[in-house]
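Just so it is clear, the model here is predicted, and its values are computed rather than measured. Proteins get letters first, then strands, A, B, ... in listed order; numbering begins at 1 in each.
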Amino acid sequence: MKLELSRVVQGGYRLGVLREIGRASTSSLEVPGCLLYTRCGTVPHLTQDTLHTLSPLPSVTQLTLSTVAEHQEVLEEYKDGFKKFAGLHDTVLYCSLHDPLTPRPAGHVTNKTVSVWGSGGRIELTVGRFMALQKALRPDLYQSMADGETWQGDATSRKRLRKSVDRTLAHLDECLLIHQQTAELQGAEVLGVVEGGDSLEERLRSARETAKRPVGGFCLDGFQTGSMDGPLRTQLISAVAVELPEDKPRLLQGVGRPDEVVACVEAGVDLFESFFPFQVTERGCALTFDLDLSLDPERAGITPSTPVLELELGEELDETWQPERGRDAELEDGAETMTPFEMDLKDTKYRGDFRPLVEGCGCYCCTNHQRAYLHHLLVTNELLAGVLLMLHNTAQYTAFFRALRAALANDQLELFKTRVLRIKRVV
Amino acid sequence: MAAPIDSASDVVASKTSMPSLKSLSAVSPLTLRIIAECPVTKARACDLKLPHSLVNTPVFMPVGTQGTLKGITSDQLEDLGCKICLGNTYHLGMRPGPALIEKANGLHGFMNWKRNLLTDSGGFQMVSLVELSEVTEEGVKFKSPYDGNEILLTPEKSIEIQTASVRLDDVVSSTVTGPRVEEAMHRSIRWLDRCIGANQNPEKQNLFAIIQGGLSADLRKTCLDEMTKRDVPGFAIGGLSGGEEKDDFWRMVTLSTEHLPRHKPRYLMGVGYAVDLVVCVALGCDMFDCVFPTRTARFGSALVPWGSLQVKQKQYAKDFQPIDPDCKCPTCKRHSRAYLHALFKNDTAAMHHITIHNISYQLTLMLSARQSIIDGRFPDFVKNFMRKMFPSSDQYPSWAVDALASVNITLDQH
């Protein structure tokens, strides 16, 4: 795996291509970019046929250990690895520890174990079992076992943070040792996990120590939406980024909101998970980015094709809305609240709206269906609603990253922020 | 009650690349060409020319009650080779309502389905939601389960909702007997006439008359006599598949096909179990619909030539074969029983995989029956089918044995 950066802004974003990913070393992924979120190898609601109406798709698929740990015995008996088991051809497989959307009750991490929550409840993993799972799954890339519990609860003490960093490093050393001895994992890469909660000192120590190990890249853990304030998050990531080698990718876990993504890209993050389109889908909403930066700037935010303005928040939003606003409320709701980048198709105003979700969107849903139909599917609780929304939201989210990269390449980040994120610059 | 085969609105029709069919449909919205008839049984293979595409019969029609086929996109349904599916007047009349469907260029436009649609009148729902309905001569009074408003569904209105077509019937449950059945039958005949009168688009919308009469041979016969006097494009056999004895069921089916005109399509409503389909093809039915294959799929039940396979059962956790190694559907080509078993714990896509497989199973079963009729080997097809479906001949259901014997098929012992 090779990271070729075409552009690095000191203390800021990185633009480039991650090449030769996976054992076949034939795939590449542009950064900043996102992975393809799955549960048990399936993008929620989508069969392979519907998924492949979307193109291009992220070349790396994310599998979460929490959705497959319970099938360990099956996969061990199967022997050919998870990709073949799940009928996934032509994709790079990345395996992370936790599902970003599955709640993880605190208090189940020990010195030697971490726990994941599958459909049948909690599964406790030692490094031995964790690595046995990796051996059965045979991913191209995987996140090393980590103690990521520090962010839960308010009163995390310095001592607990230090312990989490120490444990995570110990797990990494053990993982790497077994990794090197496992024939099935030859050619796969391990991502080291940076912990340290909200302590700058522990974050730096974690980053420095992890960077000393033979890892293929880094997972930044404990920055999840809902667990940390935006400014603190970007401040810590910026500091951590300085300690990490430039030629290895950095994957941020648990952050998916477009405005937060951009802030973290500016702090030096390369890769994101893509659970956000699924969250939007589950609340019956559709992403509605206006990604064309070539438009007359005067029209910014008032183009009729931007249904964001139709939100109740709408009018106020254009004048005064700031991404930081409402953050507190969201912390309480666990990020389930609608963001300003979506339209709520359950709203009766879409009942007779025969326009596509987003004018000009090329996804299967927008080329074949209308808002009124989606509204009908949602109010009648039909399964097709999830299918069509997931297709649309995935298309929009990947297009968002494409537009972001283009904006970075063309020095239009500020314009992108005003136009796409509707962030008014504070004068 | 009547079932209309909805021929689409013009916009949808013009979108499909079938200008010749469109002009044809102005002349006659439906033509039935009999391709082959089984010399032994009453089975027949036909080409049914409908406004949106040619339908090869015998045919199974998947049901999309709310204007959607349970998580399957219209492209997926097309790719499975489905040429005709069902919508439902009662449900769609309630939500989103007739005015909106009309604005969306009919149900075809609303759900973006370019092939044929058959819309069913509210009849069956009158049975299943009987506590919500009151039947008068004028029509059926429903209480909307969604907002509690009273809605009167008249034969005329049901035709209007269907912009395409279906007709309103008075249906009684097939297990109800006595004067109520007779009353329903007569009312259905009167309502058929009102439907025919209300159909503004006879050149584009095919109104099927629905034969009622419960389980009484006399009433069925009266209904058949009356309805076959009307010049409708096709006939539906209704009022069955409501939990009646199978012995009564097949006798009513065969009585109906006996008296229906040869040159018009026969649609047996609500039938979808594989054995029922094969037997009723032998009895001379052309078209079938049922929610069973798609509903059972959502519970993890996959249809196979030997019955069904419950994917969620533990025994499949380590079974790395496809659901049916001989099946050519997208699910069987890509996924194993073990993967589907695991996926059922995580995501709705597992249901979609089984739904795809089950629709494919039903369509393929009818295609194989058709081919065997054309090849003149339908009786062998039936015997093979039954042999695969039942581990031994003493498990053959006696009604199926009797029904098949009535059309000269004697099943083998094994």
Side-chain angles (χ1 to χ4, degrees), chain A residues 38-51 53 64 66-68 70-71 73-80 82 84-89 99 102 118-120 278 351-354 364-365 367-370 372-377 379-388 390-391, chain B residues 64-76 79-80 91-92 94-97 99-101 103-105 107 109-114 146 294 298 316-320 322 329-336 338-356:
Chain A
T38 72
R39 299 179 140 193
C40 198
T42 287
V43 175
H45 303 301
L46 303 183
T47 61
Q48 290 287 323
D49 290 342
T50 47
L51 175 67
T53 61
T64 55
S66 52
T67 57
V68 286
E70 63 199 278
H71 308 303
E73 232 188 284
V74 175
L75 286 153
E76 280 170 352
E77 195 167 318
Y78 183 66
K79 291 192 174 65
D80 288 328
F82 187 81
K84 202 168 166 201
F85 177 71
L88 299 171
H89 319 304
D99 183 307
T102 306
S119 72
F278 179 51
R351 205 181 157 270
D353 189 337
F354 296 112
Y364 178 85
C365 179
T367 49
N368 288 281
H369 295 291
Q370 302 156 337
Y373 185 58
L374 268 293
H375 173 78
H376 167 74
L377 295 177
V379 299
T380 52
N381 256 319
E382 282 285 344
L383 288 164
L384 191 60
V387 175
L388 295 176
M390 194 60 199
L391 282 172
Chain B
T65 303
Q66 313 257 27
T68 158
L69 220 122
K70 301 301 166 197
I72 304 304
T73 66
S74 33
D75 275 13
Q76 284 179 303
D79 290 345
L80 288 172
H91 289 92
L92 293 164
M94 216 64 96
R95 291 186 302 190
L100 199 87
I101 290 191
K103 264 173 88 181
N105 291 319
L107 187 52
F110 187 61
M111 64 186 284
N112 192 35
W113 171 246
K114 300 178 185 73
Y146 308 111
T294 41
R298 299 196 293 282
Y316 299 113
K318 291 182 186 171
D319 188 336
F320 304 116
C329 84
T331 302
C332 288
K333 277 196 281 189
R334 191 183 278 266
H335 296 301
S336 65
Y339 181 65
L340 295 169
H341 175 89
L343 191 59
F344 251 102
K345 298 176 194 286
N346 282 286
D347 194 71
T348 60
M351 299 186 218
H352 307 337
H353 286 302
I354 313 283
T355 302
I356 294 259

| query | Nearest heavy-atom pair of A/Val387 and A/His45: which atoms, and what distance? | reply | CG2-O, 3.5 Å
| What distance separates A/Lys84 NZ from A/Lys79 NZ, expressed to the nearest 0.5 Å? | 12.5 Å
| remark: Max heavy-atom pairs within cutoff under 4.5 Å with chain B, candidates A/Asp49, A/Thr42, A/Leu388, goes to A/Thr42
| query | Relative to chain A, which segment of B/Phe110 carries a heavy atom at a distance below 4.5 Å: side chain, backbone, both, or neither? | reply | both
| query | Side chain, backbone, both or neither: which part of A/Glu70 has a non-hydrogen atom closer than 4.5 Å to chain B? | reply | side chain
| said: If I measure from the heavy atoms of chain A, does B/Thr331 come under 4.5 Å with its side chain, its backbone, both, or neither? | reply: neither
| query | Which atom pair, heavy atoms only, marks the closest approach of B/His335 to A/Ala86? | reply | CE1-O, 3.1 Å
| remark: Bottom line for A/Leu377: the part with an atom under 4.5 Å from chain B's heavy atoms is side chain
| request: Select one option (side chain, backbone, both, neither) describing which atoms of B/Met111 are under 4.5 Å from chain A's heavy atoms. | output: both
| query | Between A/Phe85 and B/Phe320, which heavy-atom pair has the shortest distance, and what is it? | reply | CE1-CE2, 3.8 Å
| Region of B/Asp79 in contact with chain A, defined by heavy-atom distances below 4.5 Å | neither
| query | Say you draw a straight line from SG of A/Cys40 to CG of A/Asp99; how long is it, rounded to the nearest 0.5 Å? | reply | 11.0 Å
| said: Report which part of A/Val68 has an atom under 4.5 Å of a heavy atom belonging to chain B: side chain, backbone, both, or neither. | reply: neither
| message | Just to verify, what does A/Pro44 make a side chain to side chain contact (heavy atoms under 4.5 Å, CB included) with, not counting sequence neighbours? | response | A/Tyr37, A/Arg39, A/Phe278, A/Met390, B/Asp347
| Minimum heavy-atom separation for B/Ala104 to A/Phe354, with atom names? | CB-CE2, 3.4 Å
| task | Heavy-atom distances under 4.5 Å only: say whether B/Ile72 touches chain A with side chain, backbone, both or neither. | result | backbone
